[in-house]
2 protein chains.
Amino acid sequence: MNNQNRFKEKVTIDDVARLAGVSKSTVSFVLNNRPSISAATRDRVRDVIRKLNYQPNQIARSLSSRQTRSIGLVVKQIDNPYFTKIMRGVFEYFSGCGYTVLLGSSELQPDREKSSIEALLRQRVDGLILSPLQGSDADMSHLSLISQNQVPLVLLEKVANVAANVVDIRNEGAACEAVSYLIGLGHRKIAYYSGPDYSMHNRERLTGYRRAMMEHGLPFSASGVRQAGVYLADGYAAAKAQFSGSGERPTAVFCFNDLVAIGVMNALMELGVHIPEDVSVIGFDDIEFCGSVRVPLSSIRVPAYEMGKAAADLLMQQIGKTDSVIRKTVELEATLVPRASCARADGRPAGGIPKKKHASPDGLRTAGGMA
Amino acid sequence: MNNQNRFKEKVTIDDVARLAGVSKSTVSFVLNNRPSISAATRDRVRDVIRKLNYQPNQIARSLSSRQTRSIGLVVKQIDNPYFTKIMRGVFEYFSGCGYTVLLGSSELQPDREKSSIEALLRQRVDGLILSPLQGSDADMSHLSLISQNQVPLVLLEKVANVAANVVDIRNEGAACEAVSYLIGLGHRKIAYYSGPDYSMHNRERLTGYRRAMMEHGLPFSASGVRQAGVYLADGYAAAKAQFSGSGERPTAVFCFNDLVAIGVMNALMELGVHIPEDVSVIGFDDIEFCGSVRVPLSSIRVPAYEMGKAAADLLMQQIGKTDSVIRKTVELEATLVPRASCARADGRPAGGIPKKKHASPDGLRTAGGMA
DNA sequence: ATTATTTGTTAAACCGATATAGTAAGATAT
DNA sequence: ATATCTTACTATATCGGTTTAACAAATAAT
């Protein structure tokens with residue numbers, strides 16, 4: 001009946017109220033720093049709280065206040081270095097302001113994206129950060145599900161025809177920059193090893209690639225694009241297929257991400273193709289290991305950690321402020337980091353820094369010396 | 001007053017009950033598949049649920065049932081490949097059985113470990129998986145905090161004097177195996193580049209290193225141990241310090257983890273020290289990139305993903321079953337994967353596979369071909 | 001036919017907080 | 001002295017479910 005004689009029951013607000021000789025309302029007010037409490041009772045209540053080591057039940061709080069002080073983060077792959085940095089950025093931001101982060105991931109399967117979102121909405125997160133899969137068929141019904149629930153949302157890539165808060169990177173521009181750099185080195189036959197087609201980032205990078213080719217009057221043909229994927233094994237397989245075949249070979253390969261690029265390099269090395277003398281390679285994301293792989297890998301540096309923080313910040317601006325819905329798109333810079341994996345088309349070293357200013361080209365120092 | 005004319009209020013169990021012409025108890029019973037409901041009403045209620053697109057409020061559920069269907073996972077570093085795999089294992093297990101994973105991380109700071117745990121306990125997680133920092137001063141007070149709250153716990157490394165469920169790896173044995181392998185290659189001056197001292201894994205690996213040295217009658221001196229850390233930069237700095245100094249140099253370096261080992265390799269390469277001719281290097285964890293770095297890195301393969309699954313499984317066995325508390329320690333295998341970073345002490349290639357059976361020594365194939 | 005048991009359903013207490021309306025006591029104004 | 005306003009606090013409804021005890025109707029046992 002009463003919960004005094006129960007074994008080791010949790011301390012509740014009632015226990016505190018009883019011991020402090022006040023009502024639970026008063027305790028609640030103290031807990032939430034309401035002004036209308038005298039210093040004397042405030043201190044008394046706080047003493048009791050400390051004495052009982054009382055921890056308010058966040059679930060009960062959530063139910064009555066309709067705020068869970070938690071947010072959901074749905075990525076595409078939990079163990080992908082790019083998302084990993086984003087996760088850290090998001091986590092650090094929210095743990096700094098007393099929010100909890102609930103983990104979600106589609107692991108590249110649309111149905112699992114949907115179920116992840118549903119699970120998080122059931123847990124009544126106060127907001128959602130989502131890196132959406134978006135195929136050409138584009139079943140974006142779960143997005144409307146989110147807006148139905150009026151949960152603040154920040155997307156980690158643009159979605160066509162959806163007005164939402166977005167934190168994204170300059171994919172097209174950076175891709176164009178990378179391919180232009182290769183062209184500047186004298187390359188004419190440049191391949192794009194593409195990511196999955198449910199990725200907007202992939203589509204934008206493809207556009208950047210195409211634009212660079214066209215702007216320089218180079219032939220853009222579909223054959224220049226090879227379907228790879230997101231994994232090391234995808235790049236490996238794609239390169240093995242192309243370079244062990246008898247077809248025409250590119251002298252440079254621009255890859256959807258660093259994992260694909262590293263897979264490509266592994267394959268080429270196995271086939272006796274030299275990097276960068278025979279083929280130049282550029283990746284995307286600039287993960288930590290770019291400077292440490294067989295041939296230091298040129299890549300596009302993406303500020304993933306900062307993206308996470310930015311997305312968190314943008315989401316936080318929405319939470320609580322029910323009025324004046326913000327619709328903002330933050331686009332972060334992404335710039336080429338040239339390293340040894342690129343050379344001139346005739347095989348000579350790339351030499352100095354290309355026209356535009358870039359981050360330090362020194363793969364070794366950068367990768368070895370910094371955390 | 002009533003919530004029918006409010007704008008876009010959420011559908012509640014009462015709405016369902018009203019429309020189906022039953023009590024909310026009945027709806028609740030249907031929701032939880034209680035047997036005592038006639039097929040007719042069950043179907044009718046389910047129809048209404050579907051029609052209204054009703055999603056039960058998990059917060060309300062949690063409050064009354066005292067089960068949140070969520071667990072907390074506290075790692076040491078969100079963006080470390082080892083923890084990343086664990087996270088995926090844990091996530092996949094729990095999302096498979098309708099549980100949500102709340103993210104926590106100490107980011108290597110004890111106070112943040114504590115606050116992470118507190119935050120998760122406030123959210124009333126049904127269980128906790130923790131990779132604990134444990135310094136020599138050993139302030140393990142938060143562990144008692146967990147047991148006070150009677151929250152099922154699984155640790156991701158053993159804690160001295162604490163009886164708990166543990167999923168761990170065979171650190172000492174694997175370390176001993178690695179060092180013995182180096183000794184078998186003729187090395188006599190072998191250094192251990194250690195991890196942080198708040199890591200039990202580090203202490204166990206150190207013990208394994210020491211045991212191997214002693215068993216082979218080699219001098220074990222404190223000078224054989226260099227403090228490195230967990231980051232690439234830590235290994236880089238430690239190696240730079242040792243190999244640019246004038247002191248005695250080891251011919252082999254066994255590292256706390258792969259990041260340190262890769263940092264070491266970067267430093268040595270900068271200093272013109274050749275791997276493996278001059279110095280052999282072994283890492284720990286066998287992260288994906290081991291086969292793709294400058295010189296393919298020998299490492300200890302750790303089944304981190306499986307650890308995550310195992311920890312999740314062990315935790316799940318505890319949840320709900322209040323009686324008969326389980327206390328189990330699951331220790332997973334960890335075995336040496338030799339690659340090109342190791343050679344005989346005289347500089348000649350290591351050649352075949354060492355006595356004991358190991359995973360494929362073919363770094364290139366393994367790393368390039370597999371995901 | 002009467003009692004006992006099973007089956008299907010519901011009323012109401014409860015989970016542990018928040019929040020609103022209300023109240024008693026003391027301060028200020030009239 | 002009475003009315004008005006603060007100030008400090010409390011009673012109570014509420015959030016949206018679960019769960020227990022109660023109950024009526026149908027079935028089985030005596």
Side-chain angles (χ1 to χ4, degrees), chain A residues 1-4 6 9-46 48-49 52 54-70 121-124 126 149 320, chain B residues 1-4 6 9-46 48-49 52 54-70 121-124 126 149 320:
Chain A
M1 293 291 156
N2 65 19
N3 59 8
Q4 287 178 351
R6 308 295 294 161
E9 282 292 340
K10 267 200 106 55
V11 182
T12 73
I13 198 173
D14 290 288
D15 300 325
V16 176
R18 203 175 312 126
L19 234 86
V22 295
S23 74
K24 49 193 273 195
S25 313
T26 303
V27 179
S28 175
F29 289 159
V30 171
L31 244 45
N32 297 293
N33 311 306
R34 297 285 198 92
S36 67
I37 296 290
S38 73
T41 30
R42 179 165 40 68
D43 294 345
R44 188 151 39 90
V45 170
R46 288 208 176 131
V48 175
I49 288 177
L52 295 182
Y54 165 68
Q55 293 275 80
N57 183 329
Q58 180 58 44
I59 299 299
R61 269 181 134 156
S62 299
L63 182 59
S64 63
S65 71
R66 295 152 158 282
Q67 289 209 74
T68 54
R69 298 186 72 77
S70 71
L121 290 179
R122 262 196 307 272
Q123 294 280 3
R124 296 299 194 269
D126 290 343
N149 288 55
Chain B
M1 293 295 154
N2 64 20
N3 59 8
Q4 288 179 349
R6 306 297 294 161
E9 281 294 339
K10 268 201 107 53
V11 181
T12 74
I13 198 173
D14 290 287
D15 300 326
V16 176
R18 201 175 313 126
L19 235 85
V22 295
S23 72
K24 48 193 273 197
S25 314
T26 303
V27 179
S28 174
F29 290 159
V30 172
L31 245 43
N32 297 295
N33 311 306
R34 295 285 198 94
S36 66
I37 296 289
S38 72
T41 32
R42 177 164 43 65
D43 294 345
R44 188 151 38 90
V45 170
R46 287 204 177 134
V48 175
I49 287 177
L52 295 182
Y54 165 68
Q55 294 274 79
N57 183 332
Q58 181 56 45
I59 298 298
R61 268 181 133 155
S62 300
L63 181 60
S64 62
S65 70
R66 295 152 156 283
Q67 289 209 75
T68 55
R69 299 185 72 77
S70 70
L121 290 179
R122 263 197 306 273
Q123 294 279 3
R124 294 301 193 270
D126 291 343
N149 288 55

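Chain identifiers are assigned alphabetically (A, B, ...) following the order of the sequence lines, protein sequences preceding nucleic acid strands; residue numbering begins at 1 within each chain.
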Checking all strands, does Ser36(B) fall into the base, sugar-phosphate, or nothing category for heavy-atom contacts under 4.0 angstrom? base
Please confirm whether the shortest side-chain N or O distance from Ser23(B) to OP1 or OP2 of dT10(C) is below 4.0 Å. yes
Look at all strands and tell whether Val22(B) reaches a base, only sugar-phosphate, or nothing, counting heavy atoms closer than 4.0 Å. sugar-phosphate
To the nearest Å, how far apart are Ile59(A) CD1 and dT14(D) P? 23 Å
For the atom pair CD1 (Ile59(A)) and CD (Gln123(A)), what is the distance rounded to the nearest 0.5 Å? 7.5 Å
Calculate the interatomic distance between Phe29(B) atom CZ and dG8(C) atom P; express it in whole Å. 13 Å
Which pair of heavy atoms, one from Arg61(A) and one from Asn32(A), lies closest together, and at what distance? NH2-OD1, 3.3 Å
At a heavy-atom distance below 4.0 Å, what parts of residues 60-70 of chain A sit against DNA chain D? Leu63(A), Ser64(A), Arg66(A)
Using OP1 and OP2 only, check whether a side-chain N or O of Ser38(A) sits under 4.0 Å from dA8(D). no
Figure out the CD1/P separation between Ile13(A) and dT10(D), and round it to whole Å. 12 Å
Respond yes when some side-chain nitrogen or oxygen of Arg34(B) is under 4.0 Å from OP1 or OP2 of dT9(C), and no when none is. no
Under 4.0 Å: is that the gap between some side-chain N or O of Tyr54(A) and OP1 or OP2 of dG16(C)? no
Integer-rounded Å distance: dA8(D) P and Lys24(A) NZ: 23 Å
Phosphate-side-chain proximity, Thr26(B) and dT10(C), N/O vs OP1/OP2 below 4.0 Å: yes
Length of the line joining Leu31(A):CG and dT18(C):C1', which is rounded to integer Å: 11 Å
Does Ser28(A) have a side-chain nitrogen or oxygen under 4.0 Å from the phosphate oxygens OP1 or OP2 of dA19(C)? no
Rounded off to whole Å, could you give me the CZ-to-P distance for the Arg18(B) and dG17(D) pair? 12 Å
Base-pair map of DNA chain C as dot-bracket, where | denotes pairing with a different strand and pairs are Watson-Crick or G-U under 3.5 Å: .||||||||||||||||||||||||||||.
Determine: side-chain N/O of Asn32(A) to OP1/OP2 of dT18(C), distance under 4.0 Å, yes or no. yes
Check this one for me: any side-chain N or O of Ser25(B) less than 4.0 Å away from OP1 or OP2 of dT19(D)? no
Run through Asp14(A), Val45(A), Val48(A) and flag the one making a side chain to side chain contact (heavy atoms under 4.5 Å, CB included) with Leu19(A). Val48(A)
